[in-house]
*Asks:* 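Encoded as structure tokens, here's the structure I'll be asking about.
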Protein chains: 2
Amino acid sequence: MTKIGFGIHDHSHCIASAIHAAEVCCAREKLQFTKTRRRVLEILLSQHKALGAYEILDQLAAEGQNAQPPVAYRALDFLVSNGFAHKVEKLNAYIACSHPGAEHAPAFMICRGCNAVHEACLDTANRAPKGMFGGAAQAAGFRIETAVIEASGLCPACQSSAA
Amino acid sequence: MTKIGFGIHDHSHCIASAIHAAEVCCAREKLQFTKTRRRVLEILLSQHKALGAYEILDQLAAEGQNAQPPVAYRALDFLVSNGFAHKVEKLNAYIACSHPGAEHAPAFMICRGCNAVHEACLDTANRAPKGMFGGAAQAAGFRIETAVIEASGLCPACQSSAA
DNA sequence: TTTTACTTGTTATGATATAACATTTCATCT
DNA sequence: AGATGAAATGTTATATCATAACAAGTAAAA
């Protein structure tokens with residue numbers, strides 16, 4: 001059992017299953033799930049927190065690839081474009097999607113104490129932004145394509161230590 | 001009449017009134033509304049779009065100040081901390097608040113065609129993030145302090161030109 | 001008026017991200 | 001299998017965004 005997000009949860013198999021899900025999805029969509037893309041997703045999954053592009057790059061470099069920045073950014077672009085990962089804008093960092101496959105707008109809770117990131121598993125996450133914006137967007141004539149929600153605050157652990 | 005956000009609207013006096021509002025607020029809160037801070041807010045207000053820190057810096061430099069990056073970032077930090085401006089995370093850019101004084105979570109619509117930014121004037125903007133997250137945050141034990149919502153899509157003008 | 005906090009000036013550097021182009025690999029068609 | 005066009009990668013260089021650190025000045029409070 002290891003810490004994930006703000007809770008505890010056994011993910012000894014979740015890397016493998018997430019990778020498998022990505023494989024299946026890529027086969028279905030005729031996307032190339034190449035070695036580097038797979039490796040970057042594995043790195044994100046194994047850390048299970050938000051990582052900067054250069055942290056990923058360091059990891060790749062440590063494994064022998066002489067990886068330059070575009071290598072990481074291209075893999076991340078692929079993963080983000082296809083819904084296997086998200087960018088956390090507030091942190092300029094990337095995190096594996098907690099529920100790939102499901103159509104959703106990412107919604108994160110970000111701890112300002114320890115930078116832990118928890119992706120909310122709201123099924124409202126898909127509808128809520130458009131619902132909230134619906135009126136205003138329509139009034140402005142704006143066509144929403146994607147939306148992100150990022151909440152900052154304190155996770156349980158940091159609330160305790162700050163207390 | 002000039003273009004603001006995605007619409008048209010007369011703001012010949014809105015710079016002055018926003019500056020005045022900031023003055024009043026700073027006096028009340030005993031904050032120093034210094035020359036640089038005022039000037040940066042004026043720049044943001046006059047452009048009425050999201051500006052990068054270095055664009056602001058260029059403007060300051062053009063006015064004779066030999067401004068280095070920390071000058072802009074400090075002023076922006078002040079303005080953001082005190083609610084006179086917001087950072088648009090997706091663009092790494094800053095924009096004057098459309099409704100300062102009102103307690104609110106910023107909510108933006110960002111055009112991917114022209115990068116125009118419109119701050120939604122939802123009074124739900126304040127409550128909605130916490131409402132949406134409420135259950136999940138409580139379940140996770142997370143204490144939300146701030147939240148931002150950023151929607152991407154196409155503004156009316158870019159919808160027309162893309163059509 | 002001394003002291004204290006805050007603000008600014010300045011240099012240097014760190015962190016994040018992309019442009020551009022040559023090369024290789026992959027998918028597909030014949 | 002071989003041709004070919006699309007996609008991915010390797011690599012160099014550089015653009016863009018942001019902050020650390022410290023000296024000097026200015027304003028507010030005691």
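Just so we're clear, the structure is a prediction, and the values are computed from it rather than from any experiment. Convention: sequence-line order gives letters A, B, ...; per-chain numbering from 1.
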*Asks:* To the nearest angstrom, how far is A/Ile56 atom CD1 from C/dT16 atom P?
*Replies:* 11 Å
*Asks:* Parallel under 30°, tilted from 30 to 60°, perpendicular over 60°: which one fits the rings of B/His104 and B/His99?
*Replies:*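 Answer is tilted, since the angle falls between 30° and 60°.
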*Asks:* Can you figure out which of C/dT7, D/dG10, C/dA17 approaches the side chain of A/Val71 most closely?
*Replies:* D/dG10
*Asks:* Can you tell me if the side-chain N/O atoms of A/Asn66 get under 4.0 Å from OP1 or OP2 in D/dG10?
*Replies:* no
*Asks:* What is the separation between atom CG on A/Asn82 and atom P on D/dA7, rounded to the nearest whole Å?
*Replies:*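 For the pair A/Asn82 CG and D/dA7 P, the rounded distance is 13 Å.
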*Asks:* So what does A/Arg37 touch, heavy atoms closer than 4.0 Å: a base, only the sugar-phosphate, or nothing?
*Replies:* sugar-phosphate
*Asks:* With sugar-phosphate meaning primed atoms plus P, OP1 and OP2, does B/Tyr94 contact a base, only sugar-phosphate, or nothing at under 4.0 Å between heavy atoms?
*Replies:*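 The residue B/Tyr94 makes sugar-phosphate contact but no base contact.
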*Asks:* Tell me the interatomic distance from A/Arg74, atom CZ, to D/dG10, atom C1', rounded to whole angstroms.
*Replies:*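 It works out to 7 Å between those atoms.
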*Asks:* Using whole Å, what does the distance between atom P of nucleotide C/dC6 and atom CD of B/Glu29 come to?
*Replies:* 15 Å
*Asks:* Please confirm whether the shortest side-chain N or O distance from A/Asn92 to OP1 or OP2 of C/dA17 is below 4.0 Å.
*Replies:*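 So the side chain of A/Asn92 is within the cut-off, an N or O lying under 4.0 Å from OP1 or OP2 of C/dA17.
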*Asks:* If you check every side-chain atom of A/Tyr73, which of C/dA17, D/dA8, C/dT8 has the closest atom?
*Replies:*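 Among the listed nucleotides, the one closest to the side chain of A/Tyr73 is C/dA17.
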*Asks:* Atom CG of A/Leu76 and atom CD1 of A/Ile56: how far apart are they, to the nearest 0.5 Å?
*Replies:* 4.5 Å
*Asks:* For the NZ atom on A/Lys49, are there more than 12 heavy atoms of other groups (residues, nucleotides or ligands in this structure) within a distance under 6.0 Å?
*Replies:*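 No.
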*Asks:* State plainly whether one hydrophobic cluster holds both A/Leu31 and A/Val24, where clusters connect Ile, Leu, Val, Met, Phe, Trp and Tyr through side-chain heavy atoms under 4.5 angstrom apart.
*Replies:*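 In one cluster: no.
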*Asks:* Picking from C/dT10, C/dT8, D/dT11, which would you name as closest to the side chain of B/Pro70?
*Replies:* C/dT10
*Asks:* With a 3.5 Å cut-off and heavy atoms only, can you find an N or O donor on one side and an acceptor on the other between the side chain of A/Tyr54 and the base of C/dA17?
*Replies:*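 Answer is yes: a donor-acceptor pair is held.
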*Asks:* Using whole Å, report how far NZ of B/Lys30 lies from P of D/dA27.
*Replies:* 17 Å
*Asks:* For B/Leu91 and D/dT16, what is the distance between atoms CG and C1' respectively, to the nearest whole Å?
*Replies:*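 It works out to 14 Å between those atoms.
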*Asks:* Does a nitrogen or oxygen in the side chain of B/Thr34 sit under 4.0 Å from OP1 or OP2 of C/dT8?
*Replies:* yes
*Asks:* For A/Lys87, which contact category applies under a 4.0 Å heavy-atom criterion: base, sugar-phosphate, or nothing?
*Replies:* sugar-phosphate
*Asks:* Which comes earlier along DNA chain C counting from the 5' end, the contact point of B/Gln68 or that of B/Thr36, where each point is its nearest nucleotide?
*Replies:* B/Thr36
*Asks:* Provide, to the nearest angstrom, the distance between the CG atom belonging to B/Leu76 and the P atom belonging to D/dC17.
*Replies:* 12 Å
*Asks:* For B/Leu57 and D/dT19, what is the distance between atoms CG and P respectively, to the nearest whole Å?
*Replies:* 14 Å
*Asks:* Would you kindly compare A/Ala75 and B/Ala53 by the position of their nearest DNA chain D nucleotide and give the one closer to the 5′ end?
*Replies:*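 Counting from the 5' end, the first nearest nucleotide belongs to A/Ala75.
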*Asks:* Nearest 0.5 angstrom please: A/Gln138 CD to A/Ile144 CD1, how far?
*Replies:* 10.0 Å
